[in-house]
Amino acid sequence: MFAVFKREFLSYFRTPVGWVAICLMSVISGYYFSNMLASSYVNIAMEIAYLRTFFVILIPIITMRLFAEEKKNGTIVLLYTMPFSIKEAVIGKFLAAMALQAIMLISVFSHIIITVVCSGIINSATWGAIFGYLALAALFISIGMLTSAMTENQIMSAVVCFVVILFIIMLSQIADSVSSIIQAILKVTGLYGLKESSIYSAGNAVRNALNWLDPYEKTACYTSGVFKIVPIVFCLSFAAVFMYITYRVLEKKRWSQS
Amino acid sequence: MAKKSAKDNIIRERVVKAPKVKVSSDARFAVLKKVSVVSVVLILAICLVFNLLIYLILDKPLTFDTTSVKSNTISEYSKNLLKSLDKKVDIIGLVDENDSIEWKEYFMPLLEDYVAKGDGKVSVRYVDPDTNPFILSELDPDNVYKFEKGQFVFVCEDMKVALNPYSCFSYDQSVYAIYGVQLPVVNNVEMNITGLISYVTSNNPLHAYFLQGHNESESHVYLDTIMQSIGIVTSDLKLSGDSAKIPDDCELLLILQPMFDISVMERELIQTYLDNGGKLVIVNDFGDNQQVDYSNLNMITERMGVTLEQGILHEGDSSYLVNSGDPYTSIAVPSSEYAEYIRIPDRFSVEKIRYMSVFTDKSSDVYVSPLLNTSSLTSVDFLQKEIAGTATTGMYPVVLQCVDTSKAKNSCMIIFGTQDFTSDAYYGVKSLNDNNAKFVRACLGDICQIDVSVSVPAKTIPSFSLTRPISSSSVTFWSIVVMAVIPIGTLAAGIYTYRKRRHL
């Protein structure tokens, strides 16, 4: 597993991918930070909350090549034949992407140092926000890895990953729309003969259920100084599920190839 | 022949068996596929159920408030109140809990803590009137309370009261003046919520009314918060028209800085109210209203042995001045008896104090006691210079308490000669943890006979403003570093590595 991790992690820096991702992250975070600095009001937790919306761009860049490139170059066969299991390969690649994501936070750490130098405040919410950011990153990287395992076209992998993350970002708006649609259908068709207040309750129940799945909403508490274990468990457990699905996809391809 | 037949048989067997081998491989692949699909579905389902259970069972126990002032955790006072509750309180947030709202981070975790520590006596739910319009008619069928989106409604049996979240904060006035942005600096959320829970569960809730109709300041958000924190709910009152009357449930009437005198009818209504054991608070400084003739208001105060004069107190003791060179902004200290009684032996910042003269020949049934005084070197600057000299240098009252014992029920009045104990402008800058807030709280508790010895503190919101001003050249320098030097450096390193390795 360590061999895969090392190979994958170093490959980010042997190609422009890792550098471009770090550069992009530092431009985005630097823009937000310099605006805060100009107003003499610096809240790093807010900066990290802002950066979370850019997962939609950064995660596909990091993950698109993880398996798609191996397939395209035919080196995937090496993974199947090497003296380690596919599980280890999946975990190694995941950890490499996570390590890159952590390195991308260097720009944020440089902002923390500048804030301290300029007599600003760094409090528990800042560290909580970083924690929440990494938990979300783990979830999205596992999703990106899955999309990469499903295709040998890197662009296709990036686009699918982008769409999935965008869907998750917009989950609360989607939940609102789904709720309204269900309410409208129940109202128009008169299905089950529900009362109007029950129709609204049904719509709201669907909306709440969808919102419960929103990882952004779950990890928002960290920026306000509330530290919860449950959102971390949520992100990591679903990351594990997506990694398992990635493993199953690779296993299936392995046997279908033979 | 037999040999050939045997060979044929083998060939036939191979031909017949060959597809069987293929079927076996396909079957294995199909089984693998089935195992994959089933295991993925199963693991997804297990993950969902596991997270749901974890959320339902462990979300609250595994939530930690890491803020320095514990802004997401209720205080001992609130915990004790929850323990003593014998009724259930339902708190309904008329908001979409998934909307991004500025105050959300200060309300929702704290309300969760109320629920967690309420032992089933407090419930919280969020209902958005936009998606569920029935909630408004369900809460207020007769449209008496006029609840609206964005409010929190506290319901206990027949008692209902609304809370506007935006009124639960003190804002930085200097930031507002410069940037036009309301920056919260102090969070009074717990103070408000606990006060309203106390109010709706109280068997004898107290109601205070603010007299309106004389260009008084309509906004008394911070005073409302202070009063709610001790279980008094406030409303505005206009005494105009033939049917005007002071409501029977009026525990306390407040007249805050009227910009013109009250009418004769209002005077009579207030006098009747006082004759029946009413309680009155008057706030009247010597600011924009210095030209106003308060004849009718003075007829009320004079029955209690006090006159509001057209003069301002001039502090002569430099050690009492807040800003040297400004004799009208000074320090007031509690009178010796009152300091011991209210247990706030401190100094209070006050400005533009109206001179109040106390009758020497007042009725023996009337008791006037100064609660706060100036230094003994204070003089009076009169509006009309010709009457200068009627008040000598000495100690003058800043806040007075008057009690009339001549009627069956004692009437009581407190007169504040400054707005610095009640105004939004003062608390907007100083916050509700200021000594003046503690003083006015003690006064109101005293007049309404409420125990205010324990209270919910206001919680400061960490200021992310840089404590040392940063020069524009420093801002430019750091902006160039974070937006240009670091990204370009990274990109250059990437290009260098790529060029070096592309032919490898």
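To find a chain, count down the sequence lines: A is the first, B the second, and so on, and within it residues start at 1. Keep in mind that this is a model prediction, so the values were computed, not measured.
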Using a 4.5 angstrom heavy-atom cutoff, name the option from [options] with the most pairs to chain A.
| options | value |
| --- | --- |
| Ile480(B), Thr476(B), Ile495(B), Leu491(B) | Leu491(B) |
| Ser68(B), Pro61(B), Ala493(B), Pro487(B) | Pro487(B) |
| Leu44(B), Ile488(B), Asn72(B) | Asn72(B) |
| Thr73(B), Leu62(B), Val475(B) | Leu62(B) |
| Pro133(B), Ser474(B), Pro109(B) | Pro133(B) |

Mind ranking [options] by heavy-atom pairs under 4.5 Å with chain B and telling me who comes out on top?
| options | value |
| --- | --- |
| Val42(A), Val20(A), Ile121(A), Val241(A) | Val42(A) |
| Ser124(A), Ser179(A), Gly18(A) | Ser124(A) |
| Ile114(A), Ile245(A), Val27(A), Ile28(A) | Ile114(A) |
| Met25(A), Met46(A), Gln183(A), Arg207(A) | Arg207(A) |
| Ser180(A), Gly30(A), Ala220(A) | Gly30(A) |
| Leu37(A), Thr15(A), Asn43(A), Leu213(A) | Asn43(A) |

Worksheet item: Should Phe64(B) and Ile229(A) be marked as a side-chain contact (heavy atoms from CB on, under 4.5 Å) after you check the CA-CA gap, both sets of side-chain angles, and the distance that decides it?
Response: CA-CA 9 Å; Phe64(B) 307 98; Ile229(A) 303 290; 4.1 Å; yes
Nearest-0.5 Å distance, [atom1] of residue [X] to [atom2] of residue [Y]:
| X | Y | atom1 | atom2 | answer |
| --- | --- | --- | --- | --- |
| Phe33(A) | Trp478(B) | CZ | CH2 | 8.5 Å |
| Cys118(A) | Leu466(B) | SG | CG | 6.0 Å |
| Ile470(B) | Ser119(A) | CD1 | OG | 8.0 Å |
| Glu112(B) | Lys228(A) | CD | NZ | 4.0 Å |
| Ser26(A) | Met483(B) | OG | CE | 10.0 Å |

Residue pair [X] / [Y], side-chain heavy-atom distance below 4.5 Å:
| X | Y | value |
| --- | --- | --- |
| Phe227(A) | Asp65(B) | no |
| Cys47(B) | Phe238(A) | yes |
| Val35(B) | Arg248(A) | yes |
| Thr497(B) | Phe13(A) | no |
| Asn132(B) | Asn204(A) | yes |

Neighbour count above 12 (heavy atom, 6.0 Å) for [X] [atom1]:
| X | atom1 | answer |
| --- | --- | --- |
| Lys6(A) | NZ | no |
| Phe54(A) | CZ | yes |
| Lys87(A) | NZ | no |
| Met104(A) | CE | yes |
| Phe131(A) | CZ | no |
| Tyr55(B) | OH | no |

Discussion item. I'd like to know if the side chain of Ser39(B) pairs up with that of Tyr244(A) as donor and acceptor (distance under 3.5 Å, no hydrogens or angles considered).
Written reply: yes
Worksheet item: Do Ser237(A) and Asn51(B) get their side chains close enough for a donor-acceptor pair, meaning under 3.5 Å?
Response: yes
What part of [X] gets closer than 4.5 Å to chain B, counting heavy atoms only: side chain, backbone, both or neither?
| X | result |
| --- | --- |
| Phe242(A) | neither |
| Asp176(A) | side chain |
| Trp127(A) | neither |

With a 4.5 angstrom heavy-atom cut-off, which part of [X] approaches chain A: side chain, backbone, both or neither?
| X | result |
| --- | --- |
| Phe134(B) | side chain |
| Phe50(B) | side chain |
| Leu52(B) | both |
| Leu48(B) | both |

Worksheet entry | Lys218(A)/Asp59(B) under salt bridge (charged side-chain N to carboxylate O under 4.0 Å, His left out): CA gap, chis, key distance, verdict | CA-CA 11 Å; Lys218(A) 279 195 171 356; Asp59(B) 190 34; over 6 Å; no
Item to complete: In sequence, state the C-alpha distance, the side-chain angles, and the governing distance for Val482(B) and Ser107(A), and then conclude on side-chain contact (heavy atoms from CB on, under 4.5 Å).
Response: CA-CA 8 Å; Val482(B) 298; Ser107(A) 59; over 6 Å; no
Worksheet entry | Check: Thr490(B) side chain, Ile22(A) main-chain N or O, donor-acceptor pair, under 3.5 Å | no
Discussion item. If I compare all heavy atoms of Ser34(A) with all of Ser479(B), which pair ends up nearest, and what's the gap?
Written reply: CB-OG, 3.2 Å
Worksheet entry | Closest heavy-atom pair and its distance - Val226(A), Thr66(B) | N-OG1, 4.3 Å
